[in-house]
Amino acid sequence: MGQKRYTRKDHNESLAVQSLNQFALDKLAQLERVSLRRVLAESARDGLYVERDGRKLLSFSCNDYLNLSHHPAVKAAAQEAITRYGTGAGASRLVTGNHPLLIELEEKLARLKGTEAACVFGSGYLANLGVIATLVGKEDLILIDRLSHACIHAGAQLSGAATLVFDHNDMDHVTSLLKANRGAYPHALLITEGVFSMDGDRAPLKALSALCKAHNSWFMIDDAHGLGVIGDGRGSAAEAGCAADIPLQMGTLSKAAGSYGGYLCASKPIIDLMKTRARTLIYSTGLAPASAAAAIAALDIFEREPELTRMPLLKAQSFTQRLGLPLAQSPIVPLIIGEPEAALEASHLLAEEGFLVTAIRPPTVPQGTARLRIAFSAAHPDAEIERLAGVISTRLGLSHLCPASS
Ligand SMILES: *Cc1c(COP(=O)(O)O)cnc(C)c1O
């Protein structure tokens, strides 16, 4: 490590600055050697297609499941908001950043989710950090599904609570952990995802909510990939028929809603507490007016066009049926490949055929499960889905791939 010394001839850098840059170079070289270095590819996107290296690729790597980020009504709402309220919120919501669109958005979210109230954060990541650390502290217990998103783990760490990780969707494991540990803590918070972002499967929400009831534990779901595409757009809890038993429903406006921002839907006391105490809400600038307006327009579309919200899952299911894979449970279909190099190679091969399917590698997913993550949107042409399935079975040799869990 560090064979190549870092020097910039044009600068007279101090030793401290040199060692800082050397530190970064060494780290990057180390990641490069195991195919885990990442680069941000420029992605000019016009909805379905992404331009990469001068080529237009049909993208199966966007979370814009309903293509609303390019919907005329959503774009017009964002433009109108800029005209009326400007480009930035200007301050934290607790100071002067609480523009009327945020209040309207919270009312709409609460209505869609059937909760008393809602709180909008700057992003889904910020929502999880703020919500988790506001509810539990050092004396408390958190239980998290192993495959939960990085920001749920980060929120748990930030809270300082004792954190136990249960095996993915494993009711026996989580039950035994609760039985053995619940008694030692004043509060316990169980967190899982409605739709798992890298596996596309769903959590057993009914069983988990019953378990939480039985063990006097608080239940929170992150439905980042459920909003807009499951349960006629209302999300995983609504579809499972247990929304009323899930007191903490978090999600993001950056996926099917085509905008940006995160939210928590909950009772009024919980939301009032967030607005008073959640540090990522208090010490961060309010969501920009254009993002809030776009999200409002998107939620209106979920309500008006339930048939549109069903399209991504139907497209994913047509794909899994065509390839003889287990029926898709969400618009996300993973093809587990194994090693990072092989996943990258598969992704390059699909790019040659005109498809953008990004390889997902550790640490985003566990070691040995590097994969192609295929995300379907309402506007994907059926003929192209058919062609993608054909290319995967002929050029990638599907027999070597295995579907993820489930
Ligand atoms: C994307 C995602 C987030 C983060 O949401 P952002 O609004 O993009 O910050 C949180 N949780 C899950 C499960 C996600 O997939």
Side-chain angles (χ1 to χ4, degrees), residues 63-66 68 108-116 118 124 127 145 147-149 152 168-171 174 190-213 218-258 262-267 295 298-321 325-334 375-378 404-406:
N63 300 316
D64 188 12
Y65 300 112
L66 304 177
L68 294 186
K108 279 215 148 69
L109 276 166
R111 198 176 69 213
L112 186 78
K113 289 282 179 187
T115 58
E116 239 179 353
D145 186 287
L147 296 189
S148 294
H149 193 270
I152 297 175
H168 179 52
N169 280 349
D170 187 334
M171 285 305 299
V174 64
L190 190 151
I191 314 172
T192 192
E193 294 185 18
V195 173
F196 284 85
S197 58
M198 294 299 141
D199 293 73
D201 58 345
R202 306 207 211 154
L205 297 181
K206 261 202 160 129
L208 285 169
S209 73
L211 181 72
C212 286
K213 259 190 199 164
W218 302 337
F219 188 26
M220 169 168 170
I221 68 162
D222 176 337
D223 207 25
H225 294 276
L227 180 76
V229 292
I230 301 291
D232 283 352
R234 290 163 202 283
S236 308
E239 188 174 85
C242 59
D245 295 326
I246 306 179
L248 302 160
Q249 300 187 47
M250 173 273 164
T252 177
L253 303 165
S254 66
K255 284 159 185 160
Y263 66 83
L264 177 71
C265 288
S267 68
L299 297 188
D300 286 343
I301 292 172
F302 298 169
E303 282 185 334
R304 264 202 324 270
E305 302 182 38
E307 64 294 340
L308 176 72
T309 68
R310 294 178 202 133
M311 294 296 292
L313 175 58
L314 290 173
K315 301 255 174 188
Q317 290 178 334
S318 77
F319 173 83
T320 52
Q321 268 168 334
L325 295 169
L327 194 67
Q329 298 176 38
S330 76
I332 303 162
V333 177
F376 291 88
S377 81
S405 48
S406 85

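These numbers come from the heavy atoms of this one structure, side chains and all, not from hydrogens, waters or symmetry mates. It should be emphasised that the depicted structure is a prediction, and the values quoted were computed from it without experimental measurement.
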M220 CE to L264 CG distance, which is reported to the nearest 0.5 Å: 6.5 Å
Residue pair L147, M198: steps toward the side chain to side chain contact (heavy atoms under 4.5 Å, CB included) verdict: CA-CA 8 Å; L147 296 189; M198 294 299 141; over 6 Å; no
With rounding to the nearest 0.5 Å, note down the distance linking CZ in F376 to CD1 in I332. 11.0 Å
Trace of the side chain to side chain contact (heavy atoms under 4.5 Å, CB included) decision for L227 with K113: CA-CA 9 Å; L227 180 76; K113 289 282 179 187; 3.9 Å; yes
Could you report the tightest heavy-atom contact between L190 and C212, atom names first, then the distance? CB-SG, 3.7 Å
Rounding to 0.5 Å, atoms CG (L208) and CD1 (I221) come to a distance of 10.0 Å
Results of salt bridge (charged side-chain N to carboxylate O under 4.0 Å, His left out) for R202 - residues two or more places apart only: E239
Between P331 and A316 the two heavy atoms that sit nearest each other are CA-CB, 3.9 Å
Are side-chain heavy atoms of V195 and Q329 found at a separation under 4.5 Å? no
Taking the side chain as every heavy atom from C-beta outward, state whether T309 and L66 have any atom pair closer than 4.5 Å. yes
When rounded to the nearest 0.5 angstrom, what distance separates CZ in R234 from CD in E303? 5.5 Å
Test applied, side chain to side chain donor-acceptor pair (under 3.5 Å); reference residue, Y65; option that passes from H225, K315, K255: H225
Closest non-hydrogen atom pair between A256 and G228, with its separation: CB-CA, 4.0 Å
Side-chain contact, heavy-atom cut-off 4.5 Å: I191 with S148? no
Report yes or no: does E193 contribute a side-chain atom to a donor-acceptor pair with the main-chain N or O of D222 at less than 3.5 Å? no
Check N169 against P204 and note the closest heavy-atom contact, atom names and distance. OD1-CD, 3.4 Å
Which pair of non-hydrogen atoms, one from Q317 and one from A328, has the smallest distance, and what is that distance? NE2-O, 3.0 Å
Just checking, is any N or O donor in the side chain of D199 or H168 under 3.5 Å from an acceptor N or O on the other one? no
To the nearest 0.5 Å, what is the distance between OH on Y263 and OG1 on T115? 9.5 Å
Set of side-chain hydrogen bond (donor to acceptor under 3.5 Å, both in side chains) partners for D170, sequence neighbours left out: none
Shortest non-hydrogen separation from L68 to A298 and the atoms involved: CD1-CB, 3.7 Å
Quick check: does any side chain N or O of T192 sit under 3.5 Å from a backbone N or O of D145, one acting as donor and the other as acceptor? no
Sequence neighbours left out, cut at 3.5 Å: what donor-acceptor pairs do the side chains of residues 241-252 make with other protein atoms?
residue: D245; atom: OD1; partner: K213; partner atom: NZ; Å: 3.3
residue: Q249; atom: NE2; partner: A243; partner atom: O; Å: 3.3
residue: Q249; atom: NE2; partner: I246; partner atom: O; Å: 3.4
residue: T252; atom: OG1; partner: S254; partner atom: N; Å: 3.0
residue: T252; atom: OG1; partner: S254; partner atom: OG; Å: 2.7
residue: T252; atom: OG1; partner: G261; partner atom: O; Å: 3.1

